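Below: the structure, in C-alpha cells.
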Number of protein chains: 2
Amino acid sequence: MRPIRHLPVAPPAPASCTSAVDDSVLAFADEAIDVRDDAGEALLQVGDIAKVSGKTVRAIHHYEEVGLLQPHARSKGRYRLYDQAAVNRVRWIGKLHDLGLSLSQIQEIVRTWEAAPSAPDAMSRMRAVYQQKLEETRAQIAHLASLERELEASIGYLDDCDTVCDPAELVRACTNCNHHDKSRPEPELVSGLHGGNGRAAAVRARVTP
Amino acid sequence: MRPIRHLPVAPPAPASCTSAVDDSVLAFADEAIDVRDDAGEALLQVGDIAKVSGKTVRAIHHYEEVGLLQPHARSKGRYRLYDQAAVNRVRWIGKLHDLGLSLSQIQEIVRTWEAAPSAPDAMSRMRAVYQQKLEETRAQIAHLASLERELEASIGYLDDCDTVCDPAELVRACTNCNHHDKSRPEPELVSGLHGGNGRAAAVRARVTP
DNA sequence: GGTAACCCTCACGCATACGTGAGGGTCAGG
DNA sequence: CCTGACCCTCACGTATGCGTGAGGGTTACC
C-alpha cells in the first residue's frame with residue numbers, strides 16, 4: 001500500500017476547489033485566451049493548468065509521460081493546449097494521489113475504465129475501487145486520530161515539566177522524574193525520547209566500557 | 001513536508017501496543033532469554049525487537065545506521081543486544097514516522113533533545129515540535145475526511161449507474177448521461193474519469209487529424 | 001559435532017514523482 | 001524587430017527507507 005500524501009503547507013490550489021469547473025479557471029484563462037476549439041471552448045496552456053490545479057508544469061508533463069493526460073491539441077508552435085476537462089483530470093489525479101494511490105495505480109484505474117465493455121460495468125468496477133479506498137482512508141483517519149490523541153496526551157504531559165520541574169534539572173534525570181501523575185504511564189511519545197541510545201534507564205555503564 | 005505514511009495492511013505490530021512496555025515483550029523474549037544486563041533486565045536480540053515492534057531486522061539496522069538507536073551491548077559473537085528501552089524507541093520512531101516525519105527529522109529531534117541545557121528547556125522544545133505536528137495532523141485528518149466524503153458521494157453517484165443505466169450503454173456515452181440527479185454536479189472523482197485524454201466532451205476531432 | 005535458526009558486515013539496488021538544467025523555439029505587445 | 005514571458009524536448013539527478021543478496025560466523029540444542 002502506498003503512503004498517503006501529506007497536504008502541502010502552501011495553498012495547494014487557488015481557494016475555490018469545490019465545483020468541478022469554476023470561474024477561477026476562466027479568470028486565469030483570460031490571460032491567455034488565444035485559442036479556442038471547435039466548440040468555442042477556451043483552451044489553456046500548460047502553465048494555466050498548473051496554476052489552476054496547484055501542480056507544477058513539470059508535474060503536468062509527467063502525467064502526460066505516464067499516459068494520464070493528453071492535451072486536446074497543439075498550437076502551431078507545438079504548445080500543448082488543454083480543454084477544461086483537463087483541469088478536472090488533473091485535480092482528479094491529485095485527489096487520488098492524496099488518497100495514497102500511485103500514478104501507476106491511477107493508470108490502472110483509467111485502463112480499467114476505458115476497457116470496460118459497458119458503462120454500468122465500468123461504473124461498478126469504479127465503485128469497488130472507491131469502496132476499498134474508502135475503507136483504507138477511514139482506517140488511515142482512525143490511525144491518525146489515534147496519533148493525534150497521543151500527541152495531545154504528550155503535550156499535556158510535557159506541560160507539567162514546565163511548571164513543576166526544577167529548571168536546573170538535566171535531561172538525563174528525566175528517567176527518574178517523579179513530578180508526574182503516577183496513575184497513568186508516561187506517553188510513548190515521551191518515553192521514546194530517553195533510552196534507545198543503549199544506556200539503560202536504571203543501571204548503566206560497566207557493560208560496554 | 002513529508003508525506004504521512006499509510007498504515008500497512010498487514011498487522012503492523014502484535015495486538016497490544018498500548019502500554020509502554022507490555023508483557024508481550026517478555027512473551028517474545030522468553031524464546032531467547034539468554035543474556036541479562038547488570039540490572040537483571042532481559043536483553044533482546046534484533047529479531048526480537050523486530051517482532052515486537054513490527055519492523056524488519058533490516059529496518060532496525062537502518063535506524064542504527066542513521067544514529068537513531070544503539071544496542072545496549074553486544075554478545076561475545078557481536079550480536080546486538082537491546083534493553084527494553086529500545087522497544088520504546090523503535091515504536092516511538094514508528095509513530096513519528098507515521099506522523100510524516102522523516103528519519104532525519106527524527107534525528108533532529110533527538111539531537112535537540114540531547115543538546116538541551118536543562119530538562120524543562122528540552123521539554124518545552126519537544127512540546128513545540130509536538131504542537132506543530134498536532135496541527136499538521138489535524139489538517140491532514142481534515143483533508144482525508146474531506147476526501148472520504150468525496151468518496152462516499154462518488155460511490156452514491158455510481159450506485160445509480162447500476163440501477164438506471166442501460167447495460168448496453170458504452171462508457172463514452174457517460175458524458176451525455178442524464179440519469180442522475182441534476183440538482184447536484186457530478187463528483188470530481190467521477191468527472192475526472194472521462195476527459196483528460198484530449199477528447200473534449202462536446203465536439204471532437206478536426207483539430208488534430 | 002552436527003544442524004537449524006539466527007546474526008554480522010558490506011554494499012549495490014530500487015521505486016516514486018518529479019526537480020533541474022541545457023539548448024533552443026514561440027507568442028504577443030510595443 | 002525586439003523583448004519578456006512562456007513553452008518544447010531531452011535526459012540525468014535526487015531523496016527516502018529500506019530490500020536483497022553475498023559470504024560467512026554464532027548459538028543452542030540434540
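Since this is a predicted model, take the numbers as computed values, not measurements. Each chain gets a letter, A, B and so on, in the order its sequence line appears, and its residues count up from 1.
Close to D:dT27, at under 4.0 Å from its OP1 or OP2, lies a side-chain N or O of B:Ser75. Of the side-chain N and O atoms in A:Arg74, one or more sit less than 4.0 angstrom from OP1 or OP2 of D:dT9. Regarding contacts with the backbone of D:dC18, a side-chain N or O of B:Tyr63 is found under 4.0 angstrom from either OP1 or OP2. Side-chain nitrogen and oxygen atoms of B:His61 include none within less than 4.0 Å of the OP1 or OP2 phosphate oxygen of C:dT9. Under 4.0 angstrom from either OP1 or OP2 of D:dG17 there lies at least one side-chain N or O belonging to B:His97.
Sequence order on DNA chain C of the closest nucleotides to A:Thr56 and B:Gly47 puts B:Gly47 first from the 5' end. Residue A:Tyr82 is the one, among B:Ala59 and A:Tyr82, whose nearest nucleotide of DNA chain D lies closer to the 5' end (criterion: closest heavy atom).
Between the CD atom of B:Glu65 and the P atom of C:dA11 there is a distance of 12 Å, rounded to whole Å. Between the P atom of C:dC18 and the NZ atom of A:Lys55 lies a distance of 6 Å, rounded to the nearest Å. Atom CG of B:Leu43 and atom P of D:dT27 are 14 Å apart (whole Å). Between the OH atom of A:Tyr79 and the C1' atom of C:dG25 there is a distance of 7 Å, rounded to whole Å. Computed from coordinates, the A:Ile106 CD1 to C:dC18 C1' distance equals 14 Å when rounded to whole Å. Counting to the nearest Å, the P atom of C:dT9 and the CD1 atom of B:Ile60 are 14 Å from each other. Rounded to whole angstrom, the span from the CG atom of B:Leu44 across to the P atom of D:dT27 amounts to 17 Å. Here C:dC6 presents its P atom at 21 Å from CZ of B:Arg78, a figure rounded to the nearest Å.
No salt bridge links B:Arg172 with A:Glu114; every basic N to acidic carboxylate O contact stays at or beyond 4.0 Å. A salt bridge is defined here as a Lys NZ or Arg NE, NH1 or NH2 lying under 4.0 Å from an Asp or Glu carboxylate O, and A:Arg138 with B:Glu152 meets this definition.
Looking at heavy atoms from C-beta onward, B:Arg127 lies out of side-chain contact with B:Met123 at the 4.5 angstrom threshold. Looking at heavy atoms from C-beta onward, A:Pro185 lies out of side-chain contact with A:Tyr157 at the 4.5 angstrom threshold.
Residue A:Arg58 is in base contact, counting any heavy-atom pair closer than 4.0 Å across all strands shown.
Comparing atom distances between the A:Ser104 side chain and each of D:dC7, D:dT9, C:dT16 picks out C:dT16 as nearest. Taking the side chain of A:Leu103 as heavy atoms from C-beta on, and the options D:dG17, D:dC7, C:dA17, the nearest nucleotide is C:dA17. Residue A:Val46 places its side chain closer to D:dC8 than to any other of C:dC7, D:dC8, D:dC18.
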Worked check of side-chain hydrogen bond (donor to acceptor under 3.5 Å, both in side chains) between A:His194 and A:Glu186: CA-CA 11 Å; A:His194 32 258; A:Glu186 190 178 28; 2.8 Å; yes
